[in-house]
Amino acid sequence: MPVRDNNLSGVIRVFVILLAVVTLIAAVFQFVTYYGSSAKRIDSFGSNNVSELLSHIQKAYADKVITNFNMLKAVDEHFTEKSINGNFYFSAEKEYVKGREIELGAEAVVFIDSSGNYISSDGESGNIELGVGGITLFNEKNRIAQYCRADFGKEIFIFAVPVQTYTIDGNCYNALGIVYTLEYVQHILDMEAYSGMAALYVMDKNGDMAVTSRNSNDIFKSLEFNILKEYYSQGFISERELTNSLDNIREANKGSVDIKKEELYYFEYEPVANTGYVIACEVSKRVAQHPMSDYKHMVTRSFGIMYIFVAVSFGIALMCGIAARTDRIKNKIRLEAERKANK
């Protein structure tokens with residue numbers, strides 16, 4: 001019986017050791033495989049997450065653009081019916097215009113001439129600095145959606161389309177526009193994603209900031225402010241990253257760059273359809289990667305449980321070994337005593 005017991009203990013010990021070794025090898029393999037690529041996987045997850053969110057916001061923003069252009073088309077058709085031999089009494093359409101302004105949440109519907117001079121249905125007049133948008137609007141006969149300055153340096157956003165010439169109070173206007181305050185556009189950009197911890201920016205083809213969401217950082221200063229150049233000057237991005245990003249924005253390409261502040265940030269950007277502008281989202285990697293980080297912690301706990309199992313297995317094997325060694329010593333002593341007793 002002692003021999004059988006010893007053999008049984010040896011078999012158990014070998015089985016437990018083999019099980020522990022196999023488990024340990026599997027755990028180590030999974031650990032190396034997972035953690036060897038987890039950083040890239042989590043970073044890719046965060047970047048894709050931001051990119052998908054940005055695409056959703058860009059679409060919502062583009063939908064607003066299309067809505068305004070469709071409204072301008074409808075208003076122009078209405079005004080065409082009301083004009084008499086090219087003369088148009090804008091003030092007579094005041095009630096109709098106010099209804100469209102309220103419907104859109106706009107500041108004003110205006111007629112514009114090639115010098116940027118405008119007139120509203122209230123008879124208010126002034127000048128809008130259209131810049132290169134004026135060339136697009138009047139020379140190329142293309143619609144525009146852009147940020148610019150109006151009277152006294154007031155920053156506004158305008159949707160405008162070229163139209164037939166309307167003569168109002170002796171002055172000729174050949175563009176129709178809808179004017180918004182920047183606060184209205186900021187409202188469009190506001191979002192609940194990431195618990196409000198992400199910032200959205202709209203930039204022109206040079207990368208100059210036009211407007212931001214209300215939860216953006218305080219670094220934004222004016223229409224001509226270039227946040228990427230500012231980040232480069234502070235050492236948050238390299239010269240190469242700055243050049244590549246500005247080239248992408250100029251060519252209306254989608255792209256991204258990591259902002260290395262006190263912590264890493266994603267800065268994803270993509271063009272807004274039908275506008276000539278680019279929308280960007282900036283959010284901490286820690287925030288964007290949070291769901292994947294929870295998964296990583298869960299996997300880490302799983303590895304911990306696996307290692308505990310391995311440790312327990314080795315402990316059992318060790319105890320079996322000690323027990324077997326103790327039995328052998330006892331058997332040896334017993335056999336020696338029996339041998340002496342038989343002499």
Side-chain angles (χ1 to χ4, degrees), residues 47-48 50-66 68-69 116 128-149 155-162 177 180 182 185-186 188-189 198-213 216-217 219-261 264-283:
S47 179
N48 291 337
V50 176
S51 183
E52 289 175 7
L53 172 67
L54 190 58
S55 294
H56 173 75
I57 296 170
Q58 185 273 138
K59 184 179 182 303
Y61 190 78
D63 287 345
K64 290 287 185 182
V65 173
I66 293 171
N68 278 273
F69 283 143
I128 299 174
E129 299 174 17
L130 294 171
V132 294
I135 298 174
T136 302
L137 184 61
F138 297 106
N139 294 352
E140 300 174 10
K141 301 299 181 182
N142 287 327
R143 59 191 186 181
I144 62 171
Q146 70 173 60
Y147 301 90
C148 48
R149 284 193 172 88
E155 296 174 354
I156 63 170
F157 188 93
I158 186 169
F159 296 95
V161 295
Y180 289 93
L182 290 193
V185 183
Q186 285 177 327
I188 296 175
L189 294 177
L200 290 172
Y201 310 112
V202 175
M203 302 177 288
D204 66 17
K205 65 180 182 179
N206 297 315
D208 293 337
M209 297 275 288
V211 71
T212 73
S213 56
S216 63
N217 60 49
I219 202 170
F220 174 68
K221 299 173 183 176
S222 69
L223 280 173
E224 288 77 26
F225 181 69
N226 192 304
I227 195 168
L228 288 172
K229 290 181 179 178
E230 178 67 21
Y231 284 163
Y232 167 68
S233 70
Q234 294 190 27
F236 296 156
I237 60 175
S238 67
E239 183 176 0
R240 181 179 179 181
E241 290 171 327
L242 172 65
T243 302
N244 289 343
S245 295
L246 291 180
D247 286 346
N248 277 335
I249 291 171
R250 190 176 300 109
E251 295 167 7
N253 293 328
K254 184 177 180 179
S256 66
V257 62
D258 287 348
I259 308 298
K260 306 169 189 68
K261 298 182 182 179
L264 287 175
Y265 281 73
Y266 291 112
F267 192 95
E268 304 269 345
Y269 52 87
E270 66 174 80
V272 180
N274 304 309
T275 66
Y277 280 76
V278 169
I279 191 167
C281 178
E282 180 182 342
V283 61

Taking all atoms of both residues into account, what is the closest heavy-atom pair of M203 and I227, and its distance? SD-CG2, 4.4 Å
Holding to side chain to side chain donor-acceptor pair (under 3.5 Å), I want the full list of residues that pass it with T136, two or more places apart in sequence or in another chain. none
Looking only at heavy atoms, which two atoms of R143 and P162 are closest? And how far apart? N-CD, 4.0 Å
For K59, does the NZ atom sit with more than 12 other heavy atoms under 6.0 Å from it, leaving out its own atoms? no
Spacing of C281 atom SG and E270 atom CD [to the nearest 0.5 Å]: 10.5 Å
For N68, check side-chain contact (heavy atoms from CB on, under 4.5 Å) against everything at least two apart and list the hits. L104, F159, I178, Y180
Could you tell me whether the side chain of F138 reaches within less than 4.5 Å of the side chain of L130, counting heavy atoms only? yes
Just so I know, are the side chains of E282 and K261 near enough to count as touching, which here means a heavy-atom distance under 4.5 Å? yes
Between atom CD of E230 and atom CD1 of I237, what is the distance when rounded to the nearest 0.5 Å? 10.5 Å
Is any side-chain heavy atom of I156 closer than 4.5 Å to one of C148? yes
Find the distance between CZ (F225) and OH (Y201) and round it off to the nearest 0.5 Å. 9.0 Å
With rounding to the nearest 0.5 angstrom, report the CG to CG distance, L228 to N248. 10.5 Å
Under the 3.5 angstrom rule, does the side chain of N206 hit a backbone N or O of D208 as a donor-acceptor pair? no
Return the set of residues passing side-chain contact (heavy atoms from CB on, under 4.5 Å) with N48 (not counting sequence neighbours), or none when no residue passes. S44
For residues P271 and K254, report the shortest heavy-atom separation together with the two atoms involved. CD-N, 4.0 Å
Kindly compute the distance separating OH (Y269) from OG (S245), expressed to the nearest 0.5 Å. 3.5 Å
For residues V257 and L242, determine if any side-chain heavy atom of one lies less than 4.5 Å from a side-chain heavy atom of the other. no
Indicate yes or no: at least one non-hydrogen side-chain atom of D247 is less than 4.5 angstrom from one of R250. yes
Any side-chain heavy atom of E52 within less than 4.5 Å of one from S55? no
Distance in Å, I128 CD1 paired with I158 CD1, rounded so as to fall on 0.5 Å steps: 4.0 Å
In chain order, what residues pass the side-chain contact (heavy atoms from CB on, under 4.5 Å) check against N244, with sequence neighbours excluded? R240
Is the closest side-chain heavy-atom distance between V283 and V50 below 4.5 Å? yes
N253: side chain to side chain donor-acceptor pair (under 3.5 Å) partners, not counting sequence neighbours: E251
Closest contact, heavy atoms only, Y277 versus A145: CE1-O, 3.3 Å
Taking atom CD as the centre, does E140 end up with more than 12 heavy-atom neighbours from other residues, nucleotides or ligands that are less than 6.0 angstrom away? yes
Decide yes or no for L246 and K229: does some side-chain heavy atom of the first lie under 4.5 Å from some side-chain heavy atom of the second? yes
Please name all residues satisfying side-chain contact (heavy atoms from CB on, under 4.5 Å) with K260, sequence neighbours left out, ordered by chain then number. E241, D258, L264
Minimum heavy-atom separation for I259 and F267, please, with both atom names. CG1-CB, 3.7 Å
